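Presented below is the structure to which this report refers.
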2 protein chains.
Amino acid sequence: MTNIRKVAEMAGVSVATVSRTLKSPDIVSPGTREKVLSAVEQAGYRPNLMAVQFRSQKTRNLVVLVPTIANTFFARVISGIQDAASQHGYAVLLCNTLGDELAERDYAEMVTNRQADGVIQLRAFNPFEEAAAHPPIMVNACEVMDDAPCPRVYLDNRAAARVMTEHLLELGHRRIGMIKGPRQSPLTRDRVQGFRDALAAANIELDESLLCPGDFTLESGYRAAIALVEARERPTAIFCENDEMAIGAIQCIKEQGLRVPDDISVAGFDDIAFARYCDPPLTTISQPAEDFGHEAVALLLGLMDGGVQRDARRVMPFKLVTRDSTGQVPS
Amino acid sequence: MTNIRKVAEMAGVSVATVSRTLKSPDIVSPGTREKVLSAVEQAGYRPNLMAVQFRSQKTRNLVVLVPTIANTFFARVISGIQDAASQHGYAVLLCNTLGDELAERDYAEMVTNRQADGVIQLRAFNPFEEAAAHPPIMVNACEVMDDAPCPRVYLDNRAAARVMTEHLLELGHRRIGMIKGPRQSPLTRDRVQGFRDALAAANIELDESLLCPGDFTLESGYRAAIALVEARERPTAIFCENDEMAIGAIQCIKEQGLRVPDDISVAGFDDIAFARYCDPPLTTISQPAEDFGHEAVALLLGLMDGGVQRDARRVMPFKLVTRDSTGQVPS
DNA sequence: CTGAAAGCGCTAACAC
DNA sequence: GTGTTAGCGCTTTCAG
């Protein structure tokens, strides 16, 4: 393994000079620089990053904890994280945790163990020991803890859900079902709350039986829709907490011989790529997924260099995207 | 920063004993072990992995080069890679390269730089210098190079495409269009070849104008379908080289007022989760995506410890999944 | 502008 | 069973 000492010998200088030439070429004399660089070239020398990291106590690695990479929304967030990270010279250690808290703790420990400099957690769970001596070097994004001990990047889910519900109300819907996300998720709670807000503001009483559990997968949307379609008094619209469930629901509704939106309107959340290409194209809330990633990285780097406080937060914008899956209430 | 020396002092032993206690507890005496462990506990000591890695010249990191994480098929492959990797104590450095060769080279260099122990490349491109002194520690999976200087994991794409084409022929289709993947991809070439094989075996001449370019995105499937639907002599079936394009194509066909499969049959490739939930559910080729990841990791670890040769290859199984998007040719 | 040398935290000979 | 010590490759004082 060709190391800095060998290069130093070849160039007839000290290892310090080689190091300096590579790090700050301008502080060595042109003659020396040339000698060193040509030795580096000739030896095919590549600094051993492991040693550099060890010496400098910086890994330039970021750990990203993602509940499931198979969700296309998260895939976009990760794209954004990686973009921003590599722009700043950081690599991304990806951990598809599937919500396994043990796995999340293990991976978070990579920071404690100095295999990584910081963590971006995309789920509402603190993977660090509560009573840790040092506050965690972490940013919580997308699905955030209410009491996160770190900067957060999130959407005002309550407001977004309210906007979508208002859209349905404007179309004349009065009996609206909802397919929720996982019970423990703050996302679910906030979106349900926004849904309730809008109904309350319109003086409509919510039939609690129209709140169906789901888990953000296509399958769960499909299953929940069965219950709603077969309800004694069928809703005229269904608001799904993400697009995957909405697509599952639409498929189910059509298989039951009903039409979307003529018989039932369906709305989603996220605006994934498939939303535009399902039948009918899906009305949904679009979120700047990649920007979540960019912001999370910016906050994390800021946290590491002290420019960002633990209580920092970024609320990302959303937009109602109306397509053809929602329409006037049937008369 | 609490290090091994501090723990040694606290326990009243040498650093070597602390190291031994942590690595092979059974070779130290029970009394010493207890002293050390309680000192570790009390100090909240965590070994500095950076130092361990540096010392042992092993990072236990794997770099994964993925063309685009937004593709749900790749997302599953990555899941599989991560599973297998963490089972063997390796972390995954994910690189969403978007096919940027410069980025791929940069990331591959993490191995040269000893930030990672090996690379899994999911695209048909060699990110290492051709004339490198040492052969690359890499496994090529999914989209493989014909002359990869490393183990490969792949599907027999030609055979799979032939099987799908035969399915369409059996349904009576004689005029079949194809929406291809990116021109440079060996996947595209092999699938087109399998398509040609099947037609040739059935004595059907292929109208080259029915071979449409695409790039594996929903959008490109949609666009390509426009051309096929408007062709002077419309095909009765379209074979798409992945499910995303098939879903885009179906949407386009329906918007043109045609029915799937009554007017045009559509087939995909990959069997992503959405394939089951589109309308109509998609006939496609299913691939064991996660297993690609598992196998790739197994080969890479084998390559590193010498148990696997550079010319190793694993051909993964596929299965024709017939759903409702393909049907009898219209009379 | 350059060299000598210390030392980051850990492991593994080697000696006892 | 345990301690002493060298050294992984690099950066960075500190002298010159």
Side-chain angles (χ1 to χ4, degrees), chain A residues 1-40 43-61 89 109-117 134, chain B residues 1-40 43-61 89 109-117 134:
Chain A
M1 204 93 307
T2 150
N3 60 17
I4 199 172
R5 198 159 48 247
K6 212 143 357 183
V7 174
E9 277 167 28
M10 288 173 58
V13 299
S14 72
V15 295
T17 299
V18 176
S19 177
R20 279 192 279 257
T21 307
L22 263 24
K23 277 215 100 92
S24 8
D26 33 311
I27 68 165
V28 304
S29 75
T32 316
R33 185 168 38 205
E34 206 173 322
K35 271 193 303 185
V36 172
L37 290 179
S38 89
V40 164
Y45 171 67
R46 325 251 55 196
N48 182 331
L49 261 282
M50 225 145 68
V52 174
Q53 292 176 357
F54 170 51
R55 180 61 231 246
S56 61
Q57 301 285 28
K58 287 246 144 265
T59 63
R60 306 227 118 206
N61 287 156
E109 206 151 321
M110 296 183 83
V111 175
T112 319
N113 290 342
R114 280 142 295 194
Q115 289 219 88
D117 299 341
H134 304 288
Chain B
M1 205 94 305
T2 152
N3 61 19
I4 199 170
R5 198 158 50 246
K6 212 141 3 184
V7 174
E9 277 166 27
M10 288 173 57
V13 299
S14 73
V15 294
T17 300
V18 176
S19 178
R20 279 191 279 256
T21 307
L22 264 22
K23 278 216 99 93
S24 8
D26 34 311
I27 67 165
V28 303
S29 76
T32 316
R33 184 168 39 205
E34 207 172 322
K35 272 193 300 185
V36 172
L37 290 179
S38 88
V40 165
Y45 170 68
R46 323 251 57 194
N48 182 330
L49 260 283
M50 226 145 68
V52 174
Q53 291 176 358
F54 170 51
R55 182 60 232 245
S56 62
Q57 301 285 28
K58 288 245 143 264
T59 63
R60 305 227 119 206
N61 288 157
E109 205 151 321
M110 296 182 83
V111 174
T112 320
N113 290 341
R114 279 141 294 193
Q115 289 218 88
D117 299 340
H134 305 286

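We use all heavy atoms of the structure for the numbers below, so side chains are in, but hydrogens, waters and symmetry mates are not. As the structure is a computational prediction, the values presented were derived from the model and not from experiment. All chains are named by letter (A, B, ...) in the order of the sequence lines, taking the proteins before the strands, and each is independently numbered beginning at 1.
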Could you walk me through whether A:V36 and A:V28 satisfy the side chain to side chain contact (heavy atoms under 4.5 Å, CB included) test, starting with their C-alpha distance in whole Å, then the side-chain angles of each, then the deciding distance to 0.1 Å, before giving a yes or no? CA-CA 10 Å; A:V36 172; A:V28 304; over 6 Å; no
Pair A:I27, A:T21 - check side chain to side chain contact (heavy atoms under 4.5 Å, CB included), show working. CA-CA 8 Å; A:I27 68 165; A:T21 307; over 6 Å; no
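Taking only distance into account, the side chain of A:R114 never meets the base of C:dG9 through a donor-acceptor pair shorter than 3.5 Å.
Protein atom CD1 of B:I4 is 5 Å distant from nucleotide atom P of C:dC10, rounded to whole Å. In this structure, CG of A:N113 is placed 14 Å from P of C:dG9, rounded to the nearest angstrom. Rounded to a whole Å, the NZ atom of B:K35 is 12 Å from the C1' atom of D:dG1. Rounded to an integer number of Å, the gap from NZ of A:K58 to P of D:dG9 is 24 Å. What separates CG of A:N48 from P of D:dG9 is a distance of 7 Å, to the nearest Å. For the pair A:R5 CZ and C:dG3 C1', the computed distance is 15 Å after rounding to whole Å. When rounded to the nearest whole Å, the span between CG of A:L22 and C1' of D:dC10 equals 11 Å. With rounding to whole Å, A:K6 atom NZ is found 12 Å from D:dG9 atom C1'.
Rounded to the nearest 0.5 angstrom, B:Q53 CD and A:L49 CG are separated by 11.5 Å.
Each of B:A51 and B:V13 has a nearest nucleotide on DNA chain D; the 5'-most of these lies closest to B:V13. Where A:D26 and A:A16 each meet DNA chain C at their nearest nucleotide, the meeting point lying more 5' is that of A:D26.
Checking C:dC8, C:dT11, C:dT2 against every side-chain atom of B:V52, the shortest atom distance belongs to C:dT11. Taking the side chain of A:F54 as heavy atoms from C-beta on, and the options D:dT11, C:dC8, D:dG3, the nearest nucleotide is C:dC8. In this structure, the nucleotide among C:dA5, D:dG3, C:dT11 sitting nearest to the side chain of B:S14 is D:dG3. With distances taken from any side-chain atom of B:N3 to the nucleotides D:dC10, C:dC10, D:dC8, the minimum falls on C:dC10. Distances from the side chain of A:S29 to the nucleotides D:dT11, C:dC1, C:dC10 place C:dC1 closest. Comparing D:dT2, C:dG9, C:dT2 against the side chain of A:R20 picks out C:dT2 as the nearest. For A:Q57, counting side-chain heavy atoms from C-beta on, the closest listed nucleotide (C:dT11, C:dC8, D:dT2) is C:dC8.
For the pair B:E109 and B:Q115, the minimum side-chain heavy-atom distance is 4.5 Å or more.
Within a 6.0 Å sphere centred on CD of B:E34, heavy atoms belonging to other residues, nucleotides or ligands number 12 at most.
A close approach under 4.0 Å does occur between a side-chain nitrogen or oxygen of B:S19 and OP1 or OP2 of C:dT11.
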